[in-house]
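Before any comments, here is the structure.
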Amino acid sequence: MTHVLVLNGPNLGRLGVREPEVYGSASHADLVDAAGRWGADVGLDVEVRQTDDESEIVGWLHEAVDTRSHVVLNPAAFTHYSYALRDAAAQVTTAGLQLVEVHLSNPAARESFRQHSVVGAVATGTVAGFGFRSYRYALAAIADALADRPT
Ligand code: DQA
């Protein structure tokens, strides 16, 4: 099965506790379960990781290049200012791998500082605003791209 790394950035380990009115009441462990099931449904072997540490997530993106893993990335707050993350994400897509940026909320409908992603321009595409289902649609998009299915 094709391996996909699902990488979650800072504060996403606090899902269920953190601003449930924005991010929902389910936990990161629930997201790990759901993403694993949704991946298996479309023939992907999904590994979910979360960190609050910028250097760790940069290292995981390097690992994705070296192991030829596709990526679903929720950069969380790093979305809006981390050029280090952007440069690491660019290495994934320029290596010919899929990298789908995801967000639980719809940053375009929130505070102005959330309305710009420094990662978006180097991602294959972005899915935002569907809660956990953003991950489901991102995994489906990767599976479709790998199968070269028309949209
Ligand atoms: C988020 C949106 C970001 O603006 C925010 O900093 C997050 C979560 C989302 O999934 O909606 O931590 O990436």
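When a ligand or atom number is given, it counts from 1 through the structure's own listing order. Computed from heavy atoms alone, side chains included, the values below leave out hydrogens, waters and symmetry copies.
Counting the atoms of ligand 1 from 1 in the order shown, those under 4.0 Å from a heavy atom of Tyr23 are 5 (C), 7 (C), 8 (C), 9 (C), 11 (O).
Heavy atoms from other residues, nucleotides or ligands lying under 6.0 Å from CZ of Phe113 number more than 12.
A salt bridge is defined here as a Lys NZ or Arg NE, NH1 or NH2 lying under 4.0 Å from an Asp or Glu carboxylate O, and Arg86 with Glu101 fails to meet this definition.
Classification of the Tyr137-Phe130 ring pair by plane angle, with boundaries at 30° and 60°, yields perpendicular.
Close N/O approach between Asn74 and ligand 1 is found [any backbone or side-chain N/O within under 3.5 Å]. For Leu104, a nitrogen or oxygen atom sits less than 3.5 Å from a nitrogen or oxygen atom of ligand 1, counting backbone and side chain alike. At least one N/O-N/O distance between Ala77 and ligand 1 falls below 3.5 Å.
Atom 11 (O) of ligand 1 has as its closest protein heavy atom Ser105 OG, 2.5 Å. For atom 5 (C) of ligand 1, the closest non-hydrogen atom of the protein is Arg114 NH1, 3.3 Å.
Both Val6 and Tyr23 belong to a single network of hydrophobic side chains, linked directly or stepwise wherever heavy atoms of I, L, V, M, F, W or Y lie under 4.5 Å apart.
Around atom 7 (C) of ligand 1, the closest heavy atom drawn from His80, Arg18, Glu19 belongs to Arg18. Distances from atom 2 (C) of ligand 1 to the heavy atoms of Glu111, His103, Gln115 put His103 nearest.
With hydrogens and angles ignored, the 3.5 Å screen pairs no side-chain donor or acceptor of Thr93 with any backbone N or O of Ala123.
The one candidate from Val72, Asp41, Val102 that meets the side chain to side chain contact (heavy atoms under 4.5 Å, CB included) condition with Leu139 is Val72.
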